[in-house]
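Here the structure comes first, spelled out in structure tokens, and everything after it is commentary.
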Amino acid sequence: MMDLKEEKPRALELRISRGFDLASFNPHGISTFIDDDDTVYLFVVNHPEFKNTVEIFKFQEEENSLLHLKTIRHELLPSVNDIVAIGPRHFYATNDHYFSDPFLKYLETYVNLHWANVVYYSPNEVKVVADGFDSANGINISPDKKYLYVADILAHEIHVLEKHPNMNLTQIKVLQLDTLVDNVSIDPSSGDIWIGCHPNGQKLFVYDPNNPPSSEVLRVQNILSEKPLVTTVYANNGSVLQGSSVAAVHDGKLLIGTLYHRALHCEL
């Protein structure tokens, strides 16, 4: 946890309740949901022993700890990448592959099957609500809860999907970008989309410390308009920050995360 209101914010590790298997905890995508009574729920995509689960925690502010509530497994969640929570037990999740087997995943990507998808999960219903992606990666929701944004990393695209009362999604727009788009964050005050990106995929997937992957953060304004404004907010050749995968803003401050490097805190 980081408090970006602090002058020099620092990362604080949250203690997790007993009974949760920390030894196999391998977190990936992450999302929060704040209930009407101000209860904060933390949703985490987890890959314990190369499997796929979604873990739901309750944040206990007084103790700076997480109480584990539930582990979710489902056949429609074979290769979960990212998640956006829309209720205490409800979420949308991306599958970056159709298969869970490593060899079949490789084959799927190699022959370009476009079978990656988005799944809606609730205790009463689980269903595929969008498909046809090269590799569905980051996902997030607009401040008014009307639209979802999905990053298709291999296709270099951001998909805009309209959410319906039955939780189904309809694609209304695709924004093509000249970079590998990873995770998507939303500025709650403006609705602007912030994307952690990888300008060079080869450097990302074949890591060389002498020629590290570069970093890039894009800001997309007015994505529903005919001409969205796309701005490069941060770019680095890897000398400072390697492999930027996510960027989040709060009150004039920017936090950039990476795939296998450190994080960078910036004043905007």
Side-chain angles (χ1 to χ4, degrees), residues 1-13 26-32 44-45 81-84 94 96 109 133-140 149-159 174-223 227-268:
M1 183 177 70
M2 286 185 74
D3 184 355
L4 293 180
K5 294 179 181 177
E6 293 179 356
E7 186 175 342
K8 293 183 178 181
R10 60 188 182 88
L12 174 68
E13 183 177 354
N26 189 16
H28 196 174
I30 193 170
S31 182
T32 56
V44 183
V45 175
N81 188 297
D82 197 18
I83 188 170
V84 58
T94 56
D96 51 26
T109 303
F133 301 96
D134 275 13
S135 183
N137 207 84
I139 187 171
N140 220 314
Y149 309 117
V150 177
D152 191 335
I153 187 168
L154 297 181
H156 303 188
E157 295 171 344
I158 298 292
H159 292 247
V174 178
L175 179 64
Q176 185 76 37
L177 297 166
D178 189 27
T179 187
L180 276 73
V181 288
D182 202 331
N183 288 295
V184 180
S185 296
I186 309 298
D187 183 341
S189 60
S190 66
D192 294 349
I193 302 170
W194 292 74
I195 314 166
C197 305
H198 308 287
N200 188 305
Q202 186 175 0
K203 288 184 181 181
L204 179 72
F205 298 121
V206 183
Y207 181 73
D208 178 359
N210 297 316
N211 189 20
S214 50
S215 292
E216 183 179 29
V217 172
L218 297 182
R219 176 189 186 188
V220 182
Q221 297 170 275
N222 302 316
I223 194 167
K227 292 186 177 180
L229 178 61
V230 181
T231 309
T232 302
V233 179
Y234 179 83
N236 179 259
N237 63 3
S239 60
V240 174
L241 197 67
Q242 302 175 12
S244 54
S245 57
V246 65
V249 293
H250 175 75
D251 195 22
K253 296 178 180 180
L254 174 66
L255 186 65
I256 308 172
T258 62
L259 197 61
Y260 33 54
H261 197 216
R262 50 193 172 181
L264 183 67
H265 175 243
C266 310
E267 298 279 349
L268 293 174

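All residue numbers refer to positions in the sequence shown, counting from 1.
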Please determine whether the number of non-hydrogen atoms from other residues, nucleotides or ligands lying under 6.0 Å from atom [atom1] of [X] exceeds 12.
| X | atom1 | result |
| --- | --- | --- |
| Asp178 | CG | no |
| Glu13 | CD | no |
| Gln176 | CD | yes |

So [Y] and [X], do their side chains get closer than 4.5 Å, heavy atoms only?
| X | Y | result |
| --- | --- | --- |
| Thr109 | Ser135 | no |
| His198 | Ile153 | yes |
| Met1 | Leu12 | yes |
| Val181 | Tyr149 | no |
| Leu175 | Val230 | yes |

Can you pull the salt bridge (Lys or Arg N to Asp or Glu O under 4.0 Å) pairs that have at least one residue in residues 244-268, sequence neighbours excluded?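 Those involving residues 244-268 do not exist here.
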
Does anything in residues 195-216 pair up under salt bridge (Lys or Arg N to Asp or Glu O under 4.0 Å), and if so which pairs, sequence neighbours excluded? none

side-chain hydrogen bond (donor to acceptor under 3.5 Å, both in side chains) with [X]: which residues, sequence neighbours excluded?
| X | result |
| --- | --- |
| Asp82 | none |
| His265 | none |
| Ser189 | Asp187 |

How close do [X] and [Y] get, counting heavy atoms only, and between which atoms?
| X | Y | answer |
| --- | --- | --- |
| His159 | Glu157 | NE2-OE1, 2.9 Å |
| Thr231 | Gln221 | OG1-OE1, 4.2 Å |
| Gly201 | Leu180 | CA-CD2, 4.0 Å |
| Trp194 | Asp192 | CD1-O, 3.7 Å |

Give a yes or no answer on whether the side chain of [X] reaches the backbone of [Y] with a donor-acceptor pair at less than 3.5 Å.
| X | Y | result |
| --- | --- | --- |
| Asp152 | Asp134 | yes |
| Thr94 | Gly138 | no |
| Asn183 | Ser245 | yes |
| Ser215 | Leu241 | yes |

So which of Leu218, Asn200, Thr232, Ile195 actually passes side chain to side chain contact (heavy atoms under 4.5 Å, CB included) with Thr179?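 In the set Leu218, Asn200, Thr232, Ile195, the residue that makes a side chain to side chain contact (heavy atoms under 4.5 Å, CB included) with Thr179 is Leu218.
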
Option passing side chain to side chain contact (heavy atoms under 4.5 Å, CB included) with Val150 (candidates Asn140, Ile139, Val84):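 That would be Ile139; it is the only one of Asn140, Ile139, Val84 passing the side chain to side chain contact (heavy atoms under 4.5 Å, CB included) with Val150.
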
Partner residues of Tyr207 under the ring-ring contact (aromatic ring centres under 6.0 Å, His included) criterion, sequence neighbours left out: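 Counting only residues at least two positions away or on another chain, Tyr207 forms a ring-ring contact (aromatic ring centres under 6.0 Å, His included) with Tyr260.
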
Working to the nearest 0.5 angstrom, can you tell me the gap between Leu229 CG and Arg219 CZ?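 The CG atom of Leu229 sits 8.0 Å away from the CZ atom of Arg219.
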
